[in-house]
Every structure is written in structure tokens, then in C-alpha cells.
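See structure below.
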Amino acid sequence: MSNIFLVSDTHFGHKNILSFSRPDGSPMRSFSSVEEMDEHIISRWNSVVRPQDKVYHLGDVAMHRQHIQTMGRCNGHHRLVRGNHDIFNIKYYLEYFDEIHAVRVLDNMILSHIPLHPESLGRFRGNVHGHVHNNVEPLHFGPRYYNVSVEAIDYTPVSLEDVKKQLLKQQELS
């Protein structure tokens, strides 16, 4: 039996992201090189995702076309919800992703790259998203949102079941 995992904002090969800061001035990613960053993400990914699992990558795979190929080193059957930096011809992504979406509805949740406006959630349980990295507090958008940017999830894809449990917990506490 396969599991489903979610992750966003790997930014494979993106050297400049190492100079980005959080609102408090601390580094957003504390790696000495882009190679170290990529290897850490791949290692964390493969520590939880098995080859038969499905992974929804919620955008911003790589900043440069040649780094999309890093996905070939990541376990699982990949599905992409395109992000604002996934700008290359779809043929480059189709080498590593079985499906490509603008948004995706899965198990009564909306998967998107950018957090959706609250009025767009309607009947859905919540919005699983990326884009904001770790630059906002976890419940900044409210109890129906879950951020899977790698910085917010310790660079480790999170299971769909864990996301559902966390959303339920957040909504019970609100």
C-alpha cells in the first residue's frame, strides 16, 4: 500500500535562496552551499517517502530548468501543483512528474502553491499550500491552512494523514 505525502518549495539549485532572511533577520535556510541544501532535502525526502508512495509537490521545484532533474533522485510517484517559479515548458516537468496541476482537490482539501483567499475555501476542509516558506506564523492565515514549504516542515515531506489530523486539531482549537 502506498502513502501520500505533501511538500513545497524545494528550490533545487537555487543559490540565492541561501541569502534570504526570515522577518526576524535569521537565515531562511542555514546551509553552507546549494549542494548541501539539495542533498539535505533529498536525504530527508527519501527518509520517509518510499518508491511506491505518491508525493504532491506544491510548487517551486527548481529555479533553473537543469535542476528539475534533481526530482529523479527523490523517491515516489510525483505530482506537481505548479508554483510561481515553475515557469518552464511542461515537457521538462513531465520527465519527473506523472501529473501536473494548477490546483488540486484531494480528500476534501485544496492543494495550491499560494494560499487561497478564505472565501475561496467554501465547503473544503482546508488549504494545503506552500509559497510563504517559514516567513509567517503557522496559523497566520487561520485554522484551515497548512503550510508545507520545506522550511516549515523540517525539509521532510509530510503525510496526507498527518496534515488531515493537524487541520482537524487546529479547527477544534479555534
Side-chain angles (χ1 to χ4, degrees), residues 2-104 106 111-116 127-136 138 140 145-160 162-163:
S2 66
N3 292 315
I4 297 173
F5 291 89
L6 303 139
V7 67
S8 184
D9 298 285
T10 50
H11 285 256
F12 288 127
H14 185 193
K15 184 177 181 179
N16 287 344
I17 202 165
L18 299 179
S19 64
F20 293 3
S21 298
R22 292 189 222 159
D24 67 5
S26 63
M28 189 166 67
R29 296 190 183 190
S30 298
F31 299 102
S32 61
S33 68
V34 72
E35 294 81 13
E36 179 188 357
M37 175 187 76
D38 288 355
E39 291 303 318
H40 183 75
I41 294 170
I42 294 164
S43 174
R44 299 293 294 168
W45 181 303
N46 290 339
S47 74
V48 297
V49 177
R50 300 169 302 166
Q52 68 269 28
D53 294 334
K54 293 179 183 176
V55 181
Y56 283 88
H57 191 304
L58 304 187
D60 291 1
V61 175
M63 293 297 289
H64 304 285
R65 192 180 79 215
Q66 70 268 25
H67 294 289
I68 298 169
Q69 69 185 3
T70 306
M71 288 299 302
R73 296 183 52 209
C74 298
N75 287 342
H77 297 277
H78 310 137
R79 283 109 173 96
L80 175 62
V81 174
R82 286 179 96 158
N84 56 301
H85 292 296
D86 299 314
I87 60 172
F88 306 106
N89 187 297
I90 198 167
K91 70 182 179 182
Y92 299 110
Y93 298 98
L94 286 172
E95 289 184 49
Y96 304 99
F97 292 92
D98 300 327
E99 300 173 6
I100 299 178
H101 306 275
V103 295
R104 178 83 163 114
L106 181 67
L111 310 181
S112 62
H113 177 64
I114 296 172
L116 300 177
N127 177 206
V128 183
H129 64 87
H131 186 65
V132 296
H133 298 268
N134 60 356
N135 288 326
V136 296
H140 173 82
Y145 292 84
Y146 193 90
N147 177 14
V148 295
S149 299
V150 292
E151 301 89 351
I153 58 172
D154 195 26
Y155 300 92
T156 308
V158 61
S159 75
L160 177 66
D162 286 345
V163 170

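Treat the numbers as computed from the prediction; the structure is a model and nothing was measured.
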Looking only at the aromatic ring of each residue, does the gap between the centers of His14 and Phe20 stay below 6.0 angstrom?
yes

His129 side chain near Ile114 side chain, heavy-atom distance below 4.5 Å
no

With side chain to side chain contact (heavy atoms under 4.5 Å, CB included) as the test, would you mind laying out the steps for Val7 and Val148 before giving the verdict?
CA-CA 5 Å; Val7 67; Val148 295; 5.5 Å; no

Indicate the atoms forming the closest heavy-atom contact of Leu6 with Ile153, along with that distance.
O-CD1, 4.0 Å

Do Met63 and Asn16 have side chains that approach each other closer than 4.5 Å (heavy atoms only, starting at C-beta)?
no

Does the structure place the NZ or CZ of Arg44 under 6.0 Å from the centre of the six-membered ring of Tyr155, at an angle of no more than 45° from the ring's axis?
no

Determine, step by step, whether Trp45 and Arg73 satisfy the side chain to side chain contact (heavy atoms under 4.5 Å, CB included) criterion, reporting the C-alpha distance in whole Å, the side-chain angles of both residues, the deciding distance to 0.1 Å, and the verdict.
CA-CA 10 Å; Trp45 181 303; Arg73 296 183 52 209; over 6 Å; no

Donor-acceptor pair, Asp53 side chain versus Arg50 backbone, under 3.5 Å?
yes

Distance, nearest 0.5 Å, that separates CG of Asn84 from CZ of Arg82:
11.5 Å

Could you give me the CA-CA distance, side-chain angles and deciding distance for Tyr56 and Leu160, then say whether side chain to side chain contact (heavy atoms under 4.5 Å, CB included) is met?
CA-CA 10 Å; Tyr56 283 88; Leu160 177 66; over 6 Å; no

Pro115 versus Gly130, closest heavy-atom pair with distance:
CD-O, 3.9 Å

Within the 4.5 Å heavy-atom criterion, are Asn135 and Pro23 side-chain neighbours or not?
yes

One should read off an interatomic distance between Phe88 CZ and Ile68 CD1, to the nearest 0.5 angstrom, of 6.0 Å

Treating Asp86 as the side-chain partner and Gly83 as the backbone partner, does any N or O pair qualify as donor plus acceptor under 3.5 Å?
yes

Considering all heavy atoms, the nearest Val81-His113 contact
CG1-N, 4.1 Å

When the ring centroid of His78 is compared with that of His57, is the distance short of 6.0 Å?
no

Non-hydrogen atoms of Cys74 and Phe12 that approach each other most closely:
SG-CZ, 4.0 Å

With a 4.5 Å heavy-atom cut-off, do Asn3 and Ser159 have their side chains touching?
no

Atom pair OG/CE of Ser19 and Met28 - distance to nearest 0.5 Å
8.5 Å

Any idea which heavy atoms bring Arg79 and Phe97 closest together, and the distance?
C-CD2, 3.6 Å

Can Thr156 and Asp154 be said to form a side chain to side chain donor-acceptor pair (under 3.5 Å), step by step?
CA-CA 5 Å; Thr156 308; Asp154 195 26; 4.6 Å; no

Rounded at 0.5 Å granularity, tell me how far CG in Asn134 sits from CZ in Arg22.
4.5 Å

Nearest-0.5 Å distance, CG of residue Asp9 to CG of residue Asn147:
7.5 Å

Heavy-atom side-chain contact between Thr10 and Asp60 under 4.5 Å
no

Stepwise, does the side chain to side chain contact (heavy atoms under 4.5 Å, CB included) test hold for Ser8 with His131?
CA-CA 7 Å; Ser8 184; His131 186 65; over 6 Å; no

Is the shortest heavy-atom distance from the side chain of Arg29 to the side chain of Val150 under 4.5 Å?
yes

Just how far is it from atom OG1 of Thr70 to atom OH of Tyr96, taken to the nearest 0.5 Å?
8.5 Å

Distance-minimising heavy-atom pair for Tyr93 and His85:
OH-O, 4.3 Å

